[in-house]
Asker: 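The structure's right below; bear with me while I get my questions together.
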Amino acid sequence: MPELPEVEHVVRALRRAVVGRRIIATEVGLPKLIAPSSVNNFRRKLKDSLITGVSRRGKFILIEVESDRVLAVHLRMTGAFMILTSDDELPRHAHAVFYLDDDRRLVFKDQRQFGIMRLVARSRLASTKGICELAPEPFSEDFSIAYLRETLSRSRRTLKTLLLDQTRVLGLGNIYAAEALFRARINPFKIAAELSPRRVPQLHQAIRDVLGAAVAGISAKRLDLENPNGFSYGEAFERIWQVYEREGEACLKCGARIRRMTHAGRSTYWCPRCQRR
DNA sequence: ACCCTCACCTGCACGC
DNA sequence: TGCGTGCAGGTGAGGG
């Protein structure tokens, strides 16, 4: 489910919940989750490790453990962490369980089984495939207007597709890509290289605004991993969705009917009046 | 190098 | 009730 703001929320919640805890034992019920590592190797390397920090790179959650290793986790569509006490029942699709030294369990569940976990040496993280190709963090100085202008100018893909490419623009997914384009009043089917240079700053600002507002909106909900009930991502920041899942509804800015089209395999929503070609 | 389509999975909502 | 279809917030492999 998650795009960068949701991942950031999980990182903060994990930080509160597990930093300083030691992993006593690990169980993995879905070997492909941690492939190509073997389950035995994975368990052995994590055994008795202190969790020293939790950070993020793009949509990867980085759980730092002793002996300078990092557990890089990607939630993909349906991955989620939760904290259980020793007598809570395991939820469906719980594929990895980390037993902590305070009698709680950190559980990774994933209905669609797309999520991945890789235990890598900290020194090799930056050169790890899947991570080394990622674009600059959207709130870093490296993600500048000049960077975006240069990136757009080199692509003949549509803006919608380009915004979903994590090696070009980091952090957006299908919802926030649509929201950012709406906010910038740019048509999703516009060829990236053909976007007028004077509109690049608007798009740049819209990307940061959408991601920033979502991070703030989720953070204000003060959700944590110990109380997963009642936690629906959609619910957490639904109010800021202005076009996503609003096909046929009136545009909040101009009243025209929001349209939806399948493009590059994904639903794309836009306002035909605010976001003319 | 680029870009598209499909594949990876389960589950849910919908129409017949 | 069941069954088929389409859809879901992500990405990677493989092909043109």
Side-chain angles (χ1 to χ4, degrees), chain A residues 1-11 29-36 56-61 72-81 91-96 108-118 128-135 138 150-182 188-194 207 210-211 213-215 217-218 221 223 231-248 260-270:
Chain A
M1 337 170 170
E3 303 180 32
L4 187 140
E6 295 76 33
V7 175
E8 177 63 26
H9 157 68
V10 174
V11 164
L30 186 74
K32 72 171 179 179
L33 171 66
I34 57 159
R56 180 184 63 69
R57 175 76 177 101
K59 298 175 188 173
F60 282 89
I61 296 162
V73 182
H74 200 299
L75 305 175
R76 294 284 177 90
M77 296 285 265
T78 51
F81 280 106
R92 286 193 77 185
H93 309 296
H95 302 311
F108 178 79
K109 63 171 184 172
D110 187 0
Q111 179 197 112
R112 291 175 75 179
Q113 307 179 13
F114 292 167
I116 53 169
M117 275 186 192
R118 297 283 177 279
T128 297
K129 192 166 169 301
I131 291 181
C132 64
E133 305 93 338
L134 295 174
E150 174 65 17
T151 300
L152 297 183
S153 72
R154 280 185 287 115
S155 174
R156 299 296 305 168
R157 298 148 90 186
T158 64
L159 281 167
K160 173 68 189 321
T161 305
L162 191 100
L163 292 186
L164 292 177
D165 182 343
Q166 304 297 299
T167 70
R168 307 307 165 89
V169 175
L170 191 61
L172 299 171
N174 207 35
I175 295 176
Y176 298 131
E179 296 295 323
L181 288 166
F182 175 75
F189 307 109
K190 183 111 189 143
I191 300 297
E194 293 175 359
I207 290 167
V210 162
L211 291 175
V215 169
I218 297 167
K221 299 270 176 184
L223 303 160
F231 179 13
S232 145
Y233 283 120
E235 188 188 324
F237 37 75
E238 169 179 33
R239 60 189 175 78
I240 71 164
W241 295 0
Q242 301 194 33
V243 282
Y244 187 78
E245 279 190 345
R246 283 182 181 266
E247 181 183 18
R260 184 189 85 90
M261 182 176 280
T262 300
H263 171 240
R266 326 284 313 270
S267 282
T268 291
Y269 298 84
W270 80 103

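Just so it is clear: chains get the letters A, B, ... in the order the sequence lines come, proteins before strands, and each one is counted from 1.
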Asker: Could you state the atom-to-atom distance from CZ of A:Arg154 to P of B:dA1 in whole Å?
Answerer: 12 Å
Asker: Suppose you measure atom P in B:dC9 against the same atom in C:dG14; what distance do you get, rounded to whole Å?
Answerer: 15 Å
Asker: Describe the nucleic acid contact of A:Gly265 in one word from base, sugar-phosphate, nothing, applying a heavy-atom distance below 4.0 Å.
Answerer: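 Nothing: the residue A:Gly265, judged by heavy atoms under 4.0 Å, touches no strand.
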Asker: Write down the distance between CG (A:Asp165) and C1' (B:dC4), rounded to a whole number of angstrom.
Answerer: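 So the CG-C1' distance, A:Asp165 to B:dC4, works out to 13 Å.
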Asker: Which one, B:dC8, C:dT11, B:dC3, comes nearest to the side chain of A:Lys32?
Answerer: B:dC8
Asker: Is the side chain of A:Thr167 donor-acceptor paired with the backbone N or O of A:Glu133 at a distance under 3.5 Å, no angle test?
Answerer: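 Between the backbone of A:Glu133 and the side chain of A:Thr167 there is no qualifying donor-acceptor contact (under 3.5 Å).
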Asker: Nearest whole angstrom, please: distance from the P of C:dG10 to the CD of A:Gln166.
Answerer: 8 Å
Asker: With a 4.5 Å limit on heavy-atom distance, are the side chains of A:Pro91 and A:His93 in contact?
Answerer: no
Asker: Determine the Euclidean distance between corresponding C1' atoms of B:dC3 and C:dG9; express it in Å to zero decimal places.
Answerer: 23 Å
Asker: When the distance from OH of A:Tyr176 to C1' of C:dA8 is rounded to whole Å, what number comes out?
Answerer: 15 Å
Asker: Output, in order, the C-alpha distance, side-chain angles, deciding distance and verdict of salt bridge (charged side-chain N to carboxylate O under 4.0 Å, His left out) for A:Glu245 and A:Arg260.
Answerer: CA-CA 8 Å; A:Glu245 279 190 345; A:Arg260 184 189 85 90; over 6 Å; no
Asker: What nucleic acid atoms does A:Gln111 come within less than 4.0 Å of, heavy atoms only: base, sugar-phosphate, or nothing?
Answerer: base
Asker: Any side-chain N or O of A:Arg157 less than 4.0 Å from the OP1 or OP2 oxygen of B:dC3?
Answerer: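 Yes, A:Arg157 has a side-chain N/O under 4.0 Å of OP1/OP2 on B:dC3.
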Asker: Check the distance between B:dT10's P and A:Lys109's NZ and give it to me in whole angstrom.
Answerer: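 Spelled out: NZ on A:Lys109 to P on B:dT10 is 16 Å.
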Asker: Using a cut-off of 4.0 Å on non-hydrogen atoms, how would the nucleic acid contact of A:Arg266 be classed: base, sugar-phosphate, or nothing?
Answerer: base
Asker: For A:Leu164 and A:Thr262, take the nucleotide of DNA chain C holding the closest heavy atom to each; which residue's nucleotide lies nearer the 5' end?
Answerer: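 This one resolves to A:Thr262.
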Asker: Look at the side-chain N and O atoms of A:His93 and state whether any lies under 4.0 Å from the OP1 or OP2 oxygen of B:dC9.
Answerer: no
Asker: For the P atoms, the ones on C:dT11 and on B:dC12, what distance do you get once it is rounded to whole angstrom?
Answerer: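 After rounding to an integer number of Å, I get 24 Å for this pair.
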Asker: Check the phosphate of B:dG11 against A:Arg92, side-chain N and O only, distance under 4.0 Å to OP1 or OP2. Yes or no?
Answerer: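 For B:dG11, OP1/OP2 do have a side-chain N/O of A:Arg92 under 4.0 Å.
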Asker: Tell me whether the side-chain N/O atoms of A:Ser155 come closer than 4.0 Å to OP1 or OP2 in B:dC3.
Answerer: yes
Asker: Please determine, for C:dG9, whether a Watson-Crick or G-U wobble partner exists with both distances under 3.5 Å, and give it or none.
Answerer: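 C:dG9 is paired with nothing.
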Asker: Would you kindly give the CD-to-P distance between A:Glu247 and C:dC7, to the nearest whole Å?
Answerer: 10 Å
Asker: Counting only side-chain heavy atoms from C-beta out, which of C:dA8, C:dG10, B:dC3 sits nearest to A:Arg76?
Answerer: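 Nearest nucleotide to the side chain: C:dG10.
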Asker: Side chain of A:His74: nearest nucleotide among C:dT11, C:dA8, B:dC3?
Answerer: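 Looking only at heavy atoms from C-beta outward on A:His74, the closest nucleotide is C:dT11.
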Asker: Sub-3.5 Å donor-acceptor pair from the side chain of A:Glu179 to the main-chain atoms of A:Gln242, do we have one?
Answerer: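 Looks like yes, one N/O pair under 3.5 Å.
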Asker: What integer distance in Å separates A:Leu75:CG from C:dA8:C1'?
Answerer: 16 Å
Asker: Output yes if the stacking criterion (under 5.5 Å between centres, under 30° between planes) is met for A:Phe114 over the base of B:dC8, else no.
Answerer: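 The base of B:dC8 is stacked with A:Phe114 (centres under 5.5 Å, planes under 30°).
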Asker: Rounded to the nearest angstrom, tell me the gap between atom OH in A:Tyr244 and atom P in C:dG9.
Answerer: 4 Å
Asker: Taking the side chain as everything from C-beta on, heavy atoms only, tell me whether A:Leu163 gets closer than 4.5 Å to A:Tyr176.
Answerer: no
Asker: With a 4.5 Å limit on heavy-atom distance, are the side chains of A:Lys59 and A:His74 in contact?
Answerer: yes
Asker: Shortest non-hydrogen contact from A:Ser155 to A:Leu162?
Answerer: OG-CD1, 3.3 Å
Asker: Could you check whether A:Arg260 gets within reach of a base, just the sugar-phosphate, or nothing at all, counting any heavy atom under 4.0 Å?
Answerer: sugar-phosphate
Asker: Can you work out whether A:Glu3 or A:Lys129 has the more 5'-proximal nearest nucleotide on DNA chain C?
Answerer: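 The residue whose closest nucleotide sits nearer the 5' end is A:Glu3.
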Asker: Reckon A:Ser267 touches a base, only the sugar-phosphate, or nothing at all at heavy-atom distances under 4.0 Å?
Answerer: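 Answer is sugar-phosphate: A:Ser267 comes under 4.0 Å of backbone atoms only.
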